[in-house]
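Heavy atoms only: backbone and side chains are in, while hydrogens, waters and symmetry mates are out.
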Amino acid sequence: MQYADIVHRCFRCGYCKFTSDYRDVNCPSYQKYRFESYSPGGRMWLINAWLNEEITWTEHLAEIVYSCTTCKNCVEKCVFKFKDYLVDIIVAAREKMVEQGQVPPAARDYFKSLQLYGNPYKISPGAGSRWAKDTGLGKYAGEEYLLYAGSVGSYDERGQQAAAALGRLLVQAGVPAGFLEEETCDGSEAKALGESYLFTFLAEQNINHFKEAGVRKIVALSPHSYNIMKTEYPKLGGSFTVLHYTQLLWELLQSKAIVPAQLPV
């Protein structure tokens, strides 16, 4: 496993699971379960023991490893030089479990849905553009921006509302943008859950689709889409200008292309 030679360096000092002032817990899984095994240090020790065959794989071990949300609070709070690799170690351990076919059933079913449908909702990709109805946005045809709604924006009810509201706002501001009738998941969660091959498949599918459509600039509704497309897609040949929608809205506010309504005092 990648990073196997540095896992043992963690000695569970505990700084990683707290806020900056150490007054509260700021590790989501530790905050939920309150067992040391669910803290970043606890996971490191368990992963190291598993790699050294001091313990065997169990569903409970997989549950603990997969309970990490990859929020990187531990990276921010760790005081040691290897801190930048903490989340990478968790993801690498998941990759090893995926390679051995030893993942929690929920993760297994999630991967299957992505592979069969291109999204975790088990919905035909053609139905993913319903959010754009009545927004005024058209199908992408070479406009300056592609609005990428992502799986949540395409298939989740509240996510669709958010995507539609953004679409209407862009039309109102006169921003040349369009949407793809069939979107594929960006692959961010697949990568974080350790299915690197599935991530590569999804990412390359998106990259090819974007290139064929002539996409140059992408506005991402999801911060996860923004991050993965900006940091990982270029490694696979997908070099696009990627903006989170809040960045574009800030530009529009600065130029007064959109003006917020004044609230009554």
Side-chain angles (χ1 to χ4, degrees), residues 1-2 57-71 87-132 139-140 146-160 163 179-213 215 218 220-240 242:
M1 186 192 89
Q2 190 179 12
W57 182 93
T58 63
E59 289 188 6
H60 186 47
L61 172 63
E63 176 203 340
I64 292 171
V65 173
Y66 273 84
S67 69
C68 171
T69 64
T70 67
C71 68
V87 170
D88 296 331
I89 290 170
I90 300 297
V91 173
R94 293 172 178 175
E95 288 178 353
K96 186 173 178 64
M97 290 184 180
V98 169
E99 290 172 3
Q100 296 179 352
Q102 297 174 319
V103 295
R108 178 201 61 211
D109 294 344
Y110 183 86
F111 297 148
K112 185 176 180 180
S113 297
L114 288 183
Q115 195 162 23
L116 293 177
Y117 300 93
N119 64 78
Y121 293 86
K122 301 181 182 179
I123 299 176
S124 170
S129 60
R130 291 175 182 171
W131 62 268
K139 298 176 185 177
Y140 185 82
L146 166 69
L147 175 52
Y148 181 85
S151 294
V152 174
S154 296
Y155 304 105
D156 178 81
E157 184 176 352
R158 294 188 68 180
Q160 289 173 332
F179 65 92
L180 293 177
E181 191 169 19
E182 292 189 8
E183 276 193 3
T184 299
C185 175
D186 56 63
S188 176
E189 285 72 25
K191 182 173 179 59
L193 293 173
E195 234 303 4
S196 56
Y197 294 104
L198 180 56
F199 159 70
T200 301
F201 171 76
L202 294 170
E204 290 181 341
Q205 195 172 39
N206 276 323
I207 291 168
N208 292 334
H209 197 176
F210 296 160
K211 287 182 176 180
E212 289 172 2
V215 174
I218 301 170
L221 180 68
S222 162
H224 304 289
S225 300
Y226 165 76
N227 177 64
I228 204 76
M229 290 181 176
K230 192 173 182 67
T231 61
E232 298 296 332
Y233 276 32
K235 300 174 185 177
L236 299 170
S239 297
F240 308 98
V242 185

### Task
Can you sort out the partners of Y155 under ring pair (Phe, Tyr, Trp, His ring centres under 6.0 Å), two or more places apart, ordered by chain and number?
Y121

### Task
Kindly assign one of parallel, tilted or perpendicular to the pair F210 and F240, based on the angle between their ring planes and the thresholds 30° and 60°.
perpendicular

### Message
For L202 versus C185, what's the shortest heavy-atom pair and its separation?
### Response
CB-O, 3.8 Å

### Summary
Taking every heavy atom of Y66 against every heavy atom of A107, the minimum-distance pair comes out as CE2-CB, 4.1 Å

Can you check whether [X] reaches [Y] side chain to side chain, under 4.5 Å on heavy atoms?
X    : Y    : value
R94  : C68  : yes
Y110 : E189 : yes
M97  : L61  : yes
L180 : S129 : no
T200 : E204 : yes

### Message
Which residues pass the side chain to side chain donor-acceptor pair (under 3.5 Å) test with K139, not counting sequence neighbours?
### Response
E181

### Query
Residues in side chain to side chain donor-acceptor pair (under 3.5 Å) with S67, at least two apart?
R43

### Task
Please say which of W131, Y140, Y148 ends up in a ring pair (Phe, Tyr, Trp, His ring centres under 6.0 Å) with F179.
W131

### Query
What do the steps show when you test W57 against V65 for side chain to side chain contact (heavy atoms under 4.5 Å, CB included), and what is the final call?
CA-CA 11 Å; W57 182 93; V65 173; over 6 Å; no

### Task
Run the salt-bridge test on K96 and E99 with the 4.0 Å N-O cut-off and return the result as yes or no.
no

### Task
Please check if atom CD in Q205 has more than 12 non-hydrogen atoms from other residues, nucleotides or ligands closer than 6.0 Å.
yes

#### Entry: Residue E157 excluded, over 12 heavy atoms near CD under 6.0 Å
no

Just how far is it from atom [atom1] of [X] to atom [atom2] of [Y], taken to the nearest 0.5 Å?
X    : Y    : atom1 : atom2 : answer
Q2   : I89  : CD    : CD1   : 9.5 Å
D156 : N119 : CG    : CG    : 11.5 Å
D186 : M229 : CG    : CE    : 5.5 Å
F111 : L116 : CZ    : CG    : 13.5 Å
I90  : T70  : CD1   : OG1   : 10.0 Å
E195 : F201 : CD    : CZ    : 11.5 Å

Can you tell me if [X] uses its side chain to pair, donor with acceptor, with the backbone of [Y] under 3.5 Å?
X    : Y    : answer
Q160 : S154 : yes
Y226 : V242 : no
N227 : K230 : no
E183 : A149 : yes

### Query
Is there a donor-acceptor contact under 3.5 Å linking the side chains of E63 and H60?
yes

### Candidate pair Y117 and I123, rule side chain to side chain contact (heavy atoms under 4.5 Å, CB included), full reasoning
CA-CA 6 Å; Y117 300 93; I123 299 176; over 6 Å; no

